[in-house]
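Input: a single structure, listed below in structure tokens.
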Amino acid sequence: MLRTIKPKNARSKRVLQAREPKEVEDPRTAIFVKGTHSGEKVTGVMKELMALKRPNAISFSKKNAVRPFEDASSLEFWAQKNDASLFVVGQTTKKRPDGMVLVRMYDNRVLDMCELGVENWVSMNELKTPKATPGHKPLMHFASELFDTHPRFIQLKSMLMDFFSGEVLDSICLAGLEHVISVSLAPTPASMNSTADNLQGSASKASEGAESSLPKVHVRAYTIRLLASGTRTPRVELTPMGPSLDLVLRRNTEPDPEILKQAMKRPKLRKQDVEKGLGKKRKNIEVDEMGDVRGRIHVAKQDLGRLQTRKMKGLKGGQEESDDSDDESGDEEAAQSRRRKRRKGE
Amino acid sequence: MDVSEILAAHVAKQKLITVEKDIPLEIDAGFLTVTDLNPGDAESYDESLEEYLLSTARDGVQALVSSLFALPITSSADGPLARLPSPTTQLPRAKPLPKPKPLTKWEKFAKAKGIQKQRKDKKVWDEEKQEWVDRWGWKGANKREETQWLSEVPANADADYDPAKIARGARKEKMAKNERQHQQNLVRAQAANMNSSTSDRFEHKKGIDRTLATARTSTASMGRFDRTLDGEKRLKGLKRKFSAAEVSATAEKSQNLAILKNLDREPIMKKAKSSKEAGGDVLNIRKAIRSYECEDEKGEKMIFISVVLA
């Protein structure tokens with residue numbers, strides 16, 4: 001446990017206040033951790049995922065001996081230290097090659113985990129196509145009926161949504177819709193269709209056989225082009241942007257029902273608060289009686305020393321003159337001494 | 001005039017931007033998410049994976065973009081802004097809900113009494129300077145009495161009477177009182193917050209120590225000849241104090257009166273209990289009635305009590 005810090009100045013106080021629980025939460029910050037051995041593939045994938053997650057992403061450059069499924073205490077410590085609530089832990093072993101563990105936290109404790117194995121991947125750089133601006137909100141697309149029925153895929157969908165677009169927005173700029181992250185599953189195998197009735201049982205078993213029978217997950221990122229269609233709604237064209245990942249589901253842990261119940265609690269927002277920016281504190285913005293939004297801005301103190309006033313010959317600094325040439329400066333000195341003499345005479 | 005051509009053109013345009021699926025797509029505009037629950041097409045999946053993924057994604061995104069463009073739109077400097085509805089998907093929170101702040105003693109009282117908070121302006125008009133000055137702080141209006149060049153002095157004042165000093169003392173006293181109340185509020189909030197047994201035990205232990213110290217100093221020898229237990233610490237700074245054998249008559253009288261007064265008083269513990277019973281910690285109804293009795297006549301008193309009971 002970290003000790004509780006009492007802020008000693010206004011800045012650290014503000015930082016700690018920003019970390020306090022809010023009614024409407026900020027987007028989750030993700031930490032990318034490399035395990036003891038994370039192969040080239042997983043390192044590359046994590047780098048690309050981080051590029052998509054930016055600016056809410058922190059990279060741990062060193063190797064860490066973490067095994068999230070066995071001991072999550074380090075993750076809990078890092079979550080508290082960095083104010084992060086998502087982890088991507090890359091680890092490759094002989095038994096589970098090229099694995100990535102997605103960990104979601106609640107109140108600095110592990111809520112649930114899901115291990116994904118990377119089978120194939122194509123980097124962003126290999127596809128010579130336009131890329132999305134970092135920091136723009138992606139659209140999300142999920143395609144398969146299993147996202148509604150199978151507990152493993154319901155969990156995966158929830159985690160990926162939390163990862164890429166977990167933030168509640170009140171409005172979005174339509175011109176800023178640049179890319180989509182599409183998560184599709186391979187067609188559902190017949191074995192799963194037949195056992196659709198006892199899905200719960202097969203999932204809880206979590207045996208190796210059941211995991212291998214789960215369909216592959218294809219994650220693709222596309223850039224969106226909005227073309228004029230003659231109506232108000234544009235026609236959409238997609239271009240592959242990368243990264244393209246083919247993943248398989250491996251181990252997972254379900255959230256503890258008691259903790260999940262707490263995590264699912266919704267705040268009671270008043271209508272007025274919703275209109276005023278969803279319970280978030282908005283500083284220096286107010287609506288006046290006429291209904292106009294008024295903002296106050298802080299203007300830093302003006303440096304009057306640099307102010308360019310009227311240029312006059314007499315106010316010119318001595319340095320500039322000495323730069324011209326030596327004999328001229330000599331003349332100047334002579335002229336000045338003459339002036340002084342004249343003044344004395346007066 | 002033949003409208004069929006125009007209609008056909010319109011239908012053709014609509015066709016480009018509408019998506020037909022067996023199971024309609026689930027759109028969560030709040031999270032910019034679309035879910036396609038149609039079962040995948042195994043043939044085209046095996047044939048060419050990338051094309052299949054691209055086409056399903058395009059259909060889904062087209063439906064999502066159509067729904068986004070149908071939202072109420074406001075214009076801004078960066079382009080059109082679509083007002084998003086609240087999301088339908090429930091995602092777990094990252095942190096627990098914020099706890100409501102405990103009310104201060106005054107806030108509790110004001111709430112019980114229905115006193116509304118009135119915001120004071122930070123600046124007040126200074127007639128002398130003919131400008132707005134801060135109510136407090138640097139060159140604040142609350143320091144006027146300390147800084148004014150002329151002040152009233154009472155007729156019976158001492159030779160070293162300094163009005164500025166007295167005004168400053170009063171101001172500092174006010175600040176100290178405020179700080180004291182603030183600290184008390186913090187303690188009260190913490191006590192309300194802490195349900196953990198550790199703090200209770202700590203407080204209990206401290207109380208025992210205090211009682212023990214009182215008991216030890218209650219003998220005439222101040223516990224000097226008491227038996228001590230192992231590990232018991234000696235109390236420091238204890239000295240017997242004798243009052244003078246001979247005191248003036250007035251001093252003796254006042255001492256005895258003080259004792260008598262204490263005997264007459266209700267014990268502290270009992271008082272606290274009775275006041276709690278009387279109606280919450282905010283308003284002491286017994287006290288209120290007593291003060292009312294003093295002010296008014298009998299008839300009105302009866303009316304007031306009946307109101308309280310009702």
Side-chain angles (χ1 to χ4, degrees), chain A residues 20-23 25 28 85 104-107 111 137-145 147-148 157-158 161-162 165-166 168-177 180 182 184-188 218 220 222 224 226 229-238 240 255 260 262-267, chain B residues 9-10 12-14 16-18 23 26 28 30-43 45-46 49-50 52-62 64-66 68-71 73-74 76 78-84 86-87 89-99:
Chain A
E20 272 171 13
K22 299 179 189 78
E23 281 196 344
E25 297 192 303
R28 286 174 182 257
S85 57
R104 186 158 54 169
M105 317 287 286
Y106 167 72
D107 195 16
L111 183 69
K137 283 270 291 183
L139 304 182
M140 295 291 288
H141 169 250
F142 293 92
S144 176
E145 76 272 26
F147 284 124
D148 205 28
K157 182 187 168 187
S158 165
M161 277 179 76
D162 240 343
S165 67
V168 181
L169 299 173
D170 51 346
S171 62
I172 190 156
C173 181
L174 290 175
L177 302 176
V180 57
S182 162
S184 318
L185 301 189
T188 317
H218 302 284
R220 299 284 180 273
Y222 302 109
I224 301 172
L226 300 174
S229 67
T231 57
R232 217 170 82 124
T233 312
R235 197 163 64 84
V236 174
E237 287 278 303
L238 301 182
L260 185 68
Q262 280 178 38
M264 284 305 210
K265 271 185 188 166
R266 302 289 120 182
Chain B
H10 182 71
K13 275 179 190 169
Q14 285 295 328
L16 285 173
I17 57 164
T18 48
I23 304 167
E26 274 182 17
D28 184 358
F31 277 143
L32 307 176
T33 302
V34 59
T35 313
D36 186 349
L37 295 179
N38 293 289
D41 182 7
E43 266 180 42
Y45 176 83
D46 294 333
L49 173 67
E50 293 302 322
Y52 164 74
L53 293 178
L54 184 68
S55 70
T56 48
R58 199 213 80 86
D59 287 351
V61 173
Q62 177 68 66
L64 179 59
V65 167
S66 304
L68 287 180
F69 274 75
L71 292 171
I73 286 173
T74 51
S76 76
D78 300 322
L81 284 180
R83 199 171 170 74
L84 294 175
S86 49
T89 318
Q90 298 258 304
L91 293 178
R93 291 176 61 87
K95 284 171 191 172
L97 283 172
K99 286 188 191 110

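Convention: sequence-line order gives letters A, B, ...; per-chain numbering from 1. All values reported here derive from a predicted model rather than from experimental measurement.
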Subject >> Candidate pair B/Thr33 and A/Lys157, rule side chain to side chain donor-acceptor pair (under 3.5 Å), full reasoning >> reply: CA-CA 10 Å; B/Thr33 302; A/Lys157 182 187 168 187; over 6 Å; no
Subject >> Per-residue contact mode, B/Asp41 against chain A (heavy atom under 4.5 angstrom) >> reply: backbone
**OP:** For the pair A/Cys173 and B/Leu81, evaluate side chain to side chain contact (heavy atoms under 4.5 Å, CB included) and give the outcome as yes or no after the intermediate values.
**Re:** CA-CA 4 Å; A/Cys173 181; B/Leu81 284 180; 3.8 Å; yes
**OP:** Against chain B, label A/Arg232 side chain, backbone, both or neither, depending on which of its atoms sit under 4.5 Å from a heavy atom there.
**Re:** both
Original post:
What part of B/Pro96 is in contact with chain A, defined as an atom under 4.5 angstrom from a non-hydrogen atom: side chain, backbone, both or neither?
Top reply: both
Original post:
Within a strict 4.5 Å, meaning less than it, do heavy atoms of the B/Ile73 and A/Leu174 side chains meet?
Top reply: yes
Original post:
If you count heavy-atom pairs under 4.5 Å with chain B, which of A/Ser158, A/Pro240, A/Ala175, A/Pro255 comes out on top?
Top reply: A/Ser158
Subject >> B/Leu71, part contacting chain A, at a heavy-atom distance under 4.5 Å >> reply: backbone
Original post:
Any chance the side chains of A/His218 and B/Tyr45 put a donor and an acceptor closer than 3.5 Å?
Top reply: yes
Original post:
Given side chains that start at C-beta, do those of B/Val34 and A/Leu139 come closer than 4.5 Å, heavy atoms only?
Top reply: no
**OP:** Heavy atoms only: give me the nearest B/Leu37-A/Ser144 pair and the separation to one decimal.
**Re:** CD2-O, 3.4 Å
Original post:
Would you say B/Arg93's side chain and A/Glu23's backbone share a donor-acceptor pair under 3.5 angstrom?
Top reply: yes
Original post:
Between A/Ser85 and B/Ala94, what is the shortest heavy-atom contact and its length?
Top reply: OG-CB, 3.6 Å
**OP:** Select one option (side chain, backbone, both, neither) describing which atoms of B/Ala70 are under 4.5 Å from chain A's heavy atoms.
**Re:** backbone
Original post:
How far apart are the C-alpha atoms of B/Phe31 and A/Val168, what are their side-chain angles, what is the distance that settles it, and do they pass the side chain to side chain contact (heavy atoms under 4.5 Å, CB included) test?
Top reply: CA-CA 7 Å; B/Phe31 277 143; A/Val168 181; 4.3 Å; yes
Original post:
Can you say whether B/Ser76 sits under 4.5 Å from chain A via the side chain, the backbone, both, or neither, judging by heavy atoms?
Top reply: neither
Original post:
Measuring heavy-atom distances to chain A, does B/Leu64 have an atom under 4.5 Å in its side chain, in its backbone, in both, or in neither?
Top reply: side chain
**OP:** Output the option from B/Gly79, B/Ala42, B/Ser86 having the highest count of non-hydrogen pairs under 4.5 Å with chain A.
**Re:** B/Ala42
**OP:** Quick one: do A/Arg220 and B/Thr56 satisfy side chain to side chain contact (heavy atoms under 4.5 Å, CB included)? Show the steps, please.
**Re:** CA-CA 11 Å; A/Arg220 299 284 180 273; B/Thr56 48; over 6 Å; no
Subject >> A/Glu20 side chain reached by B/Lys99 side chain, heavy atoms, under 4.5 Å >> reply: no
Original post:
Would you find a donor on one side and an acceptor on the other, under 3.5 Å apart, between the side chain of A/Glu145 and the backbone of B/Asp36?
Top reply: no
Subject >> Engaged part of A/Ile172 at the chain B interface, taking heavy atoms whose separation is under 4.5 Å >> reply: both
